[in-house]
Amino acid sequence: MHVARFRERGIQIIRSLSLTCPRRLPSSFAYSSSSRPVAASEKMFKKALQDHPGSGTRPLHQTDLLRANVTAHSKPQPQQQSGGVKRKIEVGESSLGSLHNAVYFDENDFDDDLDLDEPQPLIAPSVAGSTISKTVTYPSLDTLSRIGQSVYGNENPTEVNYPDLPPISQEAAAPPSSMVLPWSSSPPSHFQPPAKKPRTLPWTKEEEEPRQEKKKSFVTPKRSRPTEPWNKSESTIKAEQKELRQEYKKTQKVDAKSKAQDSKIATVFLSDEQRAVLEAVVDRGKSMFFTGSAGTGKSVLMREIIAKLRNTYRKEPDRIAVTASTGLAACNIGGVTLHSFAGIGLGKEPVPELVKKIKKNQKARNRWLRTKVLVVDEVSMVDGDLFDKLEEIARRIRNNGRPFGGIQLVVTGDFFQLPPVPDGGNREAKFAFAAASWTTCIQHTVLLTNIFRQRDPEFADMLNEMRLGKITPRTIEAFRRLSRPLDVKDQIEATELFPTRAEVDGANSARMGRLSGEIMKFNAVDSGTIQDPQHRDRLLANCMAPPVIQLKKGAQVMLIKNMENSLVNGSIGKVVAFMSEDYFDSYKENDTNFTNDATASDDEQAHRARKKLKPMGYKEAPASMARKWPLVSFLQPDGSERHLLCQPETWKIELPNGEVQAQRQQVPLILAWALSIHKAQGQTLQRVKVDLGRVFEKGQAYVALSRAVSQEGLQVTRFEPRKVMVHPKVVEFYCNLITITEVNKPKLSSALNPDDFDDEDF
Ligand SMILES: Nc1ncnc2c1ncn2[C@@H]1O[C@H](COP(=O)(O)OP(=O)(O)OP(=O)(O)O)[C@@H](O)[C@H]1O
Ligand SMILES: [Mg+2]
């Protein structure tokens, strides 16, 4: 229904602010793809063979390179490639890891490259190129499979001293956070012995179930049995690292398997404007920036684009580089930071030095050479100077004078949200759109306008006013009215958002302290190809999943992985028990045997439950298998509960070639009484409480408030219009966007006229 409503509100596609076509470039940019890189690669290869005559590889001939070019050009979006990379793929054994060992490149081998490959100084592409004015036509709606891959990691026993059985007494959790469980709600049939049939997943039959059956449902994601111990020996770790280096190959094999898992995520029907972007990127290979208010489905669209691109390049996964401005954003989309992709460290040095640095690093150099599509998420936090540096690096390393060295850019974000982090100096943040090369690299800019997160148009308009920094007195009043406490009828409290981590930690530990009951500690298992523990820890510091999480029964938690259509990243719930997977299976089938008895202790209840279950065929798992995991009750928008046994999931920091630099296995939960605004960016929350008193950054107030789905679910305290800070350059950028395209002029130009931003209302 809301789709129809949004259609009424109109679709506005903005066709580029100054759309510069890279086709007509100065002749110095029309670099021919063939001779120099080929010569360079052959020389390097010969040198490698001389240095390591026993490597047993055959030399690469011109025909190989020709064939490589033909292969590359037969792809849907052909781009010029340096022959230097094909050498690495086609020589020697099939595995990239073993090839790396066999060909033996080390840093010094590339000293020659500096002479060979250093291109003539390239002049930045002219902005005054020809202008594309391509009309985007909308396709009809279609079913698209949604991604949101859940990767089930292996489970390993920790050293945690777990209690024997799930603590289920109501007393154990101090009011008001404890949850009253509807233990006796099951029909008598649930007293029957567990059916001896293979485990089925509740969501697959959800449609057929009568409505009342939905009241409470149990979910155990399908997962493999534990295959490796929690504590690993050194040799196991080494073997695992070797395995990870070759994982990109395995990824191919398990493709079908992971697709099956994805199917539990509901299919998303992209809106017309989302589909238009998807087609322009995937089918026509356009470099695009798509933007829009919070909740317009940018992330959903980006996930869809990545899935489609990965499918297009399924035989060469390293052609797609998935990156984001910050570690947190990168971890959320399974990519790496832009810095990490580029191999530039902090990237403070001038471009020639950075180019030398990259050329000495074979892996980084290959990434630049192999990449055909560079995805950049949360671009509002990318520094403009960094963008320019990367653009020049791309041209130099790839010996290709086209914008960004001919790499297709797929960029998203909302510049009204969090800005680039200042680099410590006095320099004011420079946005990516202010980069000299921005307009040359981005062929189309699309403004998404359908807001999905807030279905109430009045609330969506209030937030849009806030986004633009132009708040009417009526909206100010409406926000001030939201200072009342939320009317909450169940056990899930509003998540408080704070600007600083210290405030978040303080709020969460205060709430944990009020709960009685045993603390359960879950340690993450980290691994990856990066062996230096400090380096790995630095990378994983940005992971949504913490290294250690302490939980108690009654703790409010947020799910940080997409599990299936109604249990997604951002779902809020309460821990109701801790139990093993086997125990959960019995619990699922016989939940009335676990009926809550306020007078009995946890141990007594568990003993009773066991006694009842024994004659029904329940066998207690051996101690090694009996690891206990948090059982979380998630409240669904329709008021029903879903119980999920939260077993460890995997987060990866993965380079485009499939190399997993670092990975973390941890239960997919974080404490959610309080959350930092930074961590909340990108989330959709049903109940939010925001105190704007300490907000200090431009865009911060907007990010915080726009997480809410409705006014009923939002409490705002200390609302002051001056807390709603908007960067004037961002306003100007979006004004130009509208002025140039003149799409939907009457509606949007009145909302975004630059003269409106004189602060008269403040
Ligand atoms: N085509 C669609 N159909 C239905 N729901 C959608 C669609 N696209 C997005 N949504 C839903 O809208 C909500 C917001 O989407 P998403 O997080 O992608 O927005 P966003 O633009 O990335 O927001 P933000 O700027 O805050 O990160 C999510 O709950 C998502 O599931
Ligand atoms: Mg997003």
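Here the structure is a predicted model, which means the values were calculated and not measured. All ligand and atom numbering here is 1-based and tracks the order in the structure.
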Quick one: do [X] and [Y] make a salt bridge, cutoff under 4.0 Å?
X: Glu641; Y: Lys574; value: no
X: Asp414; Y: Arg467; value: yes
X: Glu503; Y: Arg694; value: yes
X: Lys430; Y: Asp383; value: no

Heavy atom of [X] under 4.0 Å from ligand 1?
X: Asp414; answer: no
X: Gly292; answer: no
X: Ser706; answer: no

Just jot down the ligand 1 atoms closer than 4.0 angstrom to any heavy atom of [X], in number order.
X: Phe269; answer: 1 (N), 2 (C), 3 (N)
X: Thr296; answer: 19 (O), 21 (O)
X: Gln274; answer: 1 (N), 2 (C), 8 (N)

| Pairwise side-chain contact, Ile572 with Gln686, heavy-atom cut-off 4.5 Å (strictly under) | no
| said: Using a 4.0 Å heavy-atom cut-off, which part of Arg707 comes near ligand 1: side chain, backbone, both, or neither? | reply: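 Looking at Arg707 and ligand 1, just side chain atoms fall under 4.0 Å.
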| task | Output yes when the distance from some N or O of ligand 1 to some N or O of Gln417 is under 3.5 Å, and no in every other case. | result |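 Min N/O separation from ligand 1 is below 3.5 Å for Gln417.
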| message | Looking only at distances, can you tell me whether any N or O atom of Leu270, backbone or side chain, sits closer than 3.5 Å to an N or O atom of ligand 1? | response | no
| Ring centers of Phe733, Phe431 separated by less than 6.0 Å | no
| field | Centroid-centroid under 6.0 Å between Phe479 and Phe459 rings | value |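 Not close enough - the centres of the two rings lie 6.0 Å or further apart.
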| message | Out of Gly413, Gly297, Ser380, who is nearest to atom 15 (O) of ligand 1 when you count heavy atoms only? | response | Gly297
| If you measure from CG on Leu482 to CD on Glu712, what distance do you get to the nearest 0.5 Å? | 9.0 Å
| field | Presence of N, O or S from Ser299 under 2.8 Å of the Mg ion (ligand 2) | value |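 Yes - counting backbone and side chain alike, Ser299 has an N, O or S atom under 2.8 Å.
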